[in-house]
Amino acid sequence: MWIVFIGPPGAGKGTQCSRLVEALRIPHLSTGDMLRDTNRDSALGKVVASYIDVGRLAPDYLVMPIVTKRLAERDCQLGCLFDGFPRTVHQAEQLDEFLVEREIRIDVVLHLHVAADVLLSRLLKRAELQNRKDDNQETISARLEVYRTQTAPVLQHYHDQGNVLEIDGDQPADRVFEDILSGLNRRK
Ligand code: AMP
């Protein structure tokens, strides 16, 4: 199965993606994880960090090769869960092109939605508990704004393709996961 998971920062995407890859046994392609894995001491890592640390999107020339390289790996031939990718309409179009060439289509786009005020308080709470460099007040606002202006339009792109499954993220994590599984089952 080919699944795209879209949700704003703080929606609980990480938790749900972990559960989903375990339940479906498909590879997890998280561009955030892959970018964070770049060695911060290397020249490339410094460039990547300069975007992540301020909550801005890394440029496509850094992101796209990471994605296409991962997709060429053996375990990704029958499907994967895209997490945090595509983040812009341009990335979505590039992914479409890549998949069409291989006669693959996205089965479902999961949209985990949560009201903006809930997101902000969740992110501020997480910032207190964890020590993520991109979880301070300024960066949180930047990431929410980037989501609103650059990533939300990706949803319209997929709505036009008719494969979006809306999930209410403002519920306990177990309920959210049940909704995801029952939504996916209805699509089979
Ligand atoms: P995430 O873990 O998905 O929240 O991503 C953390 C950070 O990595 C984002 O705030 C961006 O700086 C960067 N990032 C992750 N995925 C992408 C992407 N598809 N395009 C550009 N930047 C990304």
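The first residue in the sequence is number 1, and the count goes up from there.
The CZ atom of R187 sits 7.0 Å away from the CG atom of N163 when rounded to the nearest 0.5 Å. Interatomic distance, T15 OG1 to L112 CG, rounded to the nearest 0.5 Å: 9.5 Å. Summarising the geometry, atom CE belonging to M1 is positioned 7.5 Å from atom CD1 belonging to I26; distances are rounded to the nearest 0.5 Å. With rounding to the nearest 0.5 angstrom, the CG atom of L110 is 10.0 Å from the CD atom of E166. With values rounded to the nearest 0.5 angstrom, L99 atom CG is found 5.0 Å from I106 atom CD1. Between atom CD1 of residue I66 and atom CG of residue D37 there is a gap of 9.5 Å, rounded to the nearest 0.5 Å.
One finds no salt bridge joining D53 and K46 here, because no Lys/Arg side-chain nitrogen approaches an Asp/Glu carboxylate oxygen to under 4.0 Å. Using a cutoff of 4.0 Å between basic side-chain nitrogens and carboxylate oxygens, K13 and D83 are scored as salt-bridged. At a threshold of 4.0 Å, the pair E22-R19 does not count as salt-bridged, since none of the basic side-chain nitrogens sits closer than that to a carboxylate oxygen. Using a cutoff of 4.0 Å between basic side-chain nitrogens and carboxylate oxygens, R70 and D75 are scored as salt-bridged.
Atom CD of Q137 sits in a sparse spot, with 12 or fewer heavy atoms from other residues, nucleotides or ligands closer than 6.0 Å. With a 6.0 Å radius and a threshold of 12 heavy atoms from other residues, nucleotides or ligands, L78 has its CG atom at or below the threshold.
Counting all heavy atoms, side chain and backbone alike, A173 lies closest to Q16 at O-NE2, 3.1 Å. P9 and R143 get closest at one heavy-atom pair: CB-NH2, 3.7 Å. Contact between G55 and V146 at its shortest, heavy atoms only, is O-CG2, 3.7 Å. Across all non-hydrogen atoms, the minimal contact from G169 to R122 is O-NH2, 3.0 Å. Considering all non-hydrogen atoms of both residues, W2 and C76 come closest at CH2-O, 3.1 Å. Residues I52 and L35 come closest through the heavy atom pair CD1-CB, 3.9 Å.
By the 6.0 Å and 45° rule, R56 does not stack over the aromatic ring of Y51. Under the 6.0 Å distance and 45° angle rule, R102 counts as a cation-pi partner of F98.
V4 and L57 are members of different hydrophobic clusters when ILVMFWY side chains are connected at heavy-atom separations under 4.5 Å. Residues I6 and L24 fall into different hydrophobic clusters, defined by Ile, Leu, Val, Met, Phe, Trp and Tyr side chains chained together at heavy-atom separations under 4.5 Å. Side-chain heavy atoms closer than 4.5 Å link hydrophobic residues (I, L, V, M, F, W, Y) into clusters, and following such links, possibly through other members, connects I104 to L29. Connection of L144 to V54 is not established within any shared hydrophobic cluster, with ILVMFWY side chains joined at heavy-atom distances below 4.5 Å, either directly or through further cluster members. In this structure, F5 is not a member of the same hydrophobic cluster as L155, with clusters built from ILVMFWY side-chain heavy atoms closer than 4.5 Å.
No side-chain donor from either of H113 and D170 sits under 3.5 Å from a side-chain acceptor of the other. In this structure, a donor-acceptor pair under 3.5 Å is present between the side chains of N136 and T139.
By the 4.5 Å heavy-atom criterion applied to side chains, Q161 and V109 are not counted as neighbours. Counting only heavy atoms from C-beta outward, the side chains of D107 and L184 never approach each other to under 4.5 Å. Inter-residue side-chain proximity for S141 and E145 is flagged as unmet; no heavy-atom pair is nearer than 4.5 Å. By the 4.5 Å heavy-atom criterion applied to side chains, C80 and H28 are not counted as neighbours. The side-chain heavy atoms of L44 and L62, taken from C-beta on, include a pair separated by under 4.5 Å. Taking the side chain as every heavy atom from C-beta outward, P86 and Y158 approach each other to under 4.5 Å. You'll find the side chain of D179 reaches within 4.5 Å of the side chain of R175, heavy atoms only.
Looking only at distances, no side-chain donor or acceptor of R126 sits under 3.5 Å from a matching main-chain atom of G10. Put simply, the side chain of Q171 gets close to the backbone of D168: a donor and an acceptor are under 3.5 Å apart. In this structure a side-chain-to-backbone donor-acceptor pair under 3.5 Å is missing from Q91 to D60. Side-chain N or O atoms of S42 include none that pairs as donor or acceptor with a backbone N or O of T38 at under 3.5 Å. A donor-acceptor pair under 3.5 Å links the side-chain atoms of Q77 to the main chain of L71, judged by distance alone. Between the Q156 side chain and the A152 main chain, no donor and acceptor come within less than 3.5 Å of each other. Between the side chain of R87 and the main chain of G84, a donor-acceptor pair closer than 3.5 Å is present.
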